[in-house]
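Before any comments, here is the structure.
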Amino acid sequence: MDKPSLPSGTRDFGPDVMMRRKYLIGCIENTFKRYGFLPIETPALENLRTLQGKYGDEGDQLLFKVLNNGDFLAKADEKTLLNRDSKGLSPLIADRGLRYDLTVPLARFVVMNRDKISFPFRRYQMQPVWRADRPQKGRYREFWQCDADVLGSNGISNEADLISIYDDVFSELDLKVTIRLNHRRLLDAFGNWLQGTQNLGRFMQLIDKADKIGFDGVSQELKANEIPNGIEAWTFLHSTSQMNSPAAILEALQKQESIQNEHLQEGIAALTALFSILDKLKLNNKLQLDLTLARGLSYYTGCVLEVVPSDDRIPADFKIGSIGGGGRYDNLTEIFGLKDVSGVGISFGLDRIYDIIESAQLFPTNALESTTILICAMDETTIPHAFSLAQSLRKAGIATEVYPTAAKLKKQLDYANAKGMHWAAIIGDQEMQSGMVTLKNLQSGDQQTIGQQAITEYIKP
RNA sequence: GCGGAUAUAGCUCAGUCGGUUAGAGCACCAGUUUGUGGAUCUGGGGGUCGCCGGUUCGAUCCCGGUUAUUCGCCCCA
């Protein structure tokens, strides 16, 4: 018999981990609801046509494809087969794939259900996604995203709402983060200076690495890639980003002659409006207008957002990258045949948030609580009685278990301890005859014999 | 797609400069006279030392391959 194993990049979650994941999920979901978002779910499988071409070339390569059923090779082209041409063959044998994120499925959903949706459509979705990436620390092949998106509204106030959600959730989780913000239009404005959109795309890719390789690293890469005016543009961007107020940054952009065009004005107008709302909100976490933030996903067209942890309690060597991201995408539904629907959304990377909070030991201890009381029967004949007591406790909202056999008391109490229970109720001959129960506090060790009705009052804090 | 590291009990890991019965802690089971636990004690079960091949009288240990895991790079949550 083979040893059982898991596909790489996937994990089982035991009860202790699940309790904490549920705590995170609950916190995020409650916040989404508080902002008026409604849930949807979509299938794990999507048609590959839906997924392909939305995430850039790199993204396409990371799609998990699902082999067709039936005798698919019979229909395959002979040349392709004989040439062992994987790229040519794959469209012939795989029509479906696992979803890569929740945004593209949302766009498909909205297009298909446009008649039932009233816009602006505020939906949230918390489901696993899959990427055929090389697993490493903080990177899994199956991981959860928790998304909130607004579709069908251009208003920049939506961005303010979403930033506020980020702030609320991480405040509630007691994790200090920095929310980075930029606008694609501001970067688009650099197109002319860099002499072309291709250079601009490469430029954005390179400056996005600034956190990792620093100012000089990016400069070297720009030089190596021979981006026209790349160094000049980067030097300007970098120094401008150092300024501490958004107003100062926007002003500096206005003064830079090489980027004067309609893109720049559009971006500045949007951000000015956004900050006029955000100025009225009290945020607990740092919000940073960072012109070097580009973000990889190719469908963003407006604001882009990213959340990075910035909490002192995280061990210094625990580096894991961003734990959330989002932005505005103006044309995503158009690909599926619905024009003029702008979308904006954010995503929480549940698994990374878990890893961070675990590393900083910020999970509340009560996130682990499970069963409150164990009923221990001393012999088989008292088990039915134990069940009737359990039923009344459960009706009172107390999580109750009956130990399934009349095992030795030591064993039953060991079990209660292992599950972190607070109470044990012991029922034997003595209790049966008197109609009482021996109630033991497993933390203090105190115990007393009391009437069955009194238990509920006793246990409830 | 590229590079590094690792692979021994259910888990975390020792170890053998190549040599007879491969160890520890945790977990599990049993007992300490049959109704009192959360690090009492005693005992017990459990391993073709990842897989295939080579060197050798002899390989868990050395060498080659392979697979898996893991950490980086690319990219990303």
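No experiment lies behind these values; they were computed from the predicted model shown. Proteins come first, then strands; the chains are lettered A, B, ... in the order of their sequence lines, and each starts at number 1.
The nucleotide whose nearest atom lies closest to any side-chain atom of A/Met378 is, among B/G35, B/C75, B/G38, B/G35. Listed candidates were B/U36, B/G38, B/C75. Nearest to the side chain of A/Glu58 is B/C75. Distances from the side chain of A/Ile426 to the nucleotides B/G38, B/U36, B/A77 place B/U36 closest.
Atom C1' of nucleotide B/U32 and atom NZ of A/Lys411 are separated by 17 Å, given to the nearest angstrom. Going from atom CD of A/Gln430 over to atom P of B/U34 covers 14 Å, rounded to whole Å. Atom CZ of A/Arg352 and atom P of B/C75 are 14 Å apart (whole Å). Summarising the geometry, the separation between NZ on A/Lys408 and P on B/A30 is reported as 7 Å, rounded to the nearest angstrom. Distance, A/Leu102 CG to B/C76 P: 17 Å, rounded to whole Å. The CG atom of A/Asp133 sits 12 Å away from the P atom of B/C73 (whole-angstrom rounding). One can place CG of A/Leu413 at 13 Å from P of B/A39, the figure rounded to the nearest angstrom. Atom CG of A/Asn417 is separated from atom C1' of B/A27 by 16 Å (rounded to the nearest Å).
Using modelled atom types and a 3.5 Å distance limit, the side chains of A/Tyr415 and A/Glu401 yield a donor-acceptor pair. Residues A/Tyr140 and A/Asp355 have side chains that bring a donor and an acceptor to within less than 3.5 angstrom of each other.
Position along RNA chain B of the nearest nucleotide to A/Asp429 versus A/Asp208 favours A/Asp429 as the more 5'-ward residue. Closest-nucleotide positions on RNA chain B for A/Asp351 and A/Gly9 were compared, and the one nearer the 5' end corresponds to A/Gly9.
For the strand RNA chain B, secondary-structure stems (runs of at least three Watson-Crick or G-U pairs, all distances below 3.5 Å) span B:1-7 with B:67-73, B:10-13 with B:23-26, B:28-31 with B:41-44, B:50-54 with B:62-66.
Between A/Lys440 and B/G35, a side-chain N or O to OP1/OP2 separation shorter than 4.0 Å is absent. Between A/Ser8 and B/U69, a side-chain N or O to OP1/OP2 separation shorter than 4.0 Å is present.
Taking only distance into account, the side chain of A/Gln447 meets the base of B/U36 through a donor-acceptor pair shorter than 3.5 Å.
For A/Phe363 and A/Tyr354, the distance between ring centers is under 6.0 angstrom. A/Tyr124 has its ring centre no less than 6.0 Å from the ring centre of A/Tyr35. Here A/Trp144 and A/Phe348 keep their ring centres 6.0 angstrom or further from each other.
The stretch residues 134-143 of chain A touches RNA chain B through A/Arg134, A/Gln136, A/Lys137, A/Gly138, A/Arg139, A/Tyr140, A/Phe143, each having a heavy atom under 4.0 angstrom from the strand.
Figure legend: cation-pi geometry between A/Arg122 and A/Phe37, with NZ or CZ positioned under 6.0 Å from the six-membered ring centre and within 45° of its axis.
Nucleic acid contact class of A/Glu431 (heavy atoms, under 4.0 Å, all strands): base. Base engagement by A/Leu442 is indicated by at least one non-hydrogen atom pair under 4.0 Å involving a base atom. Here A/Gly59 lies out of heavy-atom contact (under 4.0 Å) with every strand. Using a 4.0 Å heavy-atom criterion, one finds that A/Ile323 contacts the sugar-phosphate atoms exclusively.
A/Gln220 places no side-chain N or O within donor-acceptor distance of the main-chain N or O of A/Gly217, the cut-off being under 3.5 Å. Looking only at distances, a side-chain donor or acceptor of A/Arg141 sits under 3.5 Å from a matching main-chain atom of A/Asp133.
When each of A/Asn331, A/Asn158, A/Asp330, A/Thr301 is paired with A/Ser342, the side chain to side chain donor-acceptor pair (under 3.5 Å) condition holds for A/Asp330 and for no other.
Using cut-offs of 30° and 60° on the angle between ring planes, the pair A/Phe190 and A/Trp193 is parallel. Using the six-membered ring where Trp is involved, A/Phe109 and A/Phe121 have ring planes that are parallel, under 30° apart on the 30 and 60° scheme.
As rounded to the nearest Å, B/G31 and B/G23 have P atoms that lie 27 Å from one another. For the P atom pair drawn from B/U60 and B/C28, the interatomic distance equals 33 Å after rounding to whole Å.
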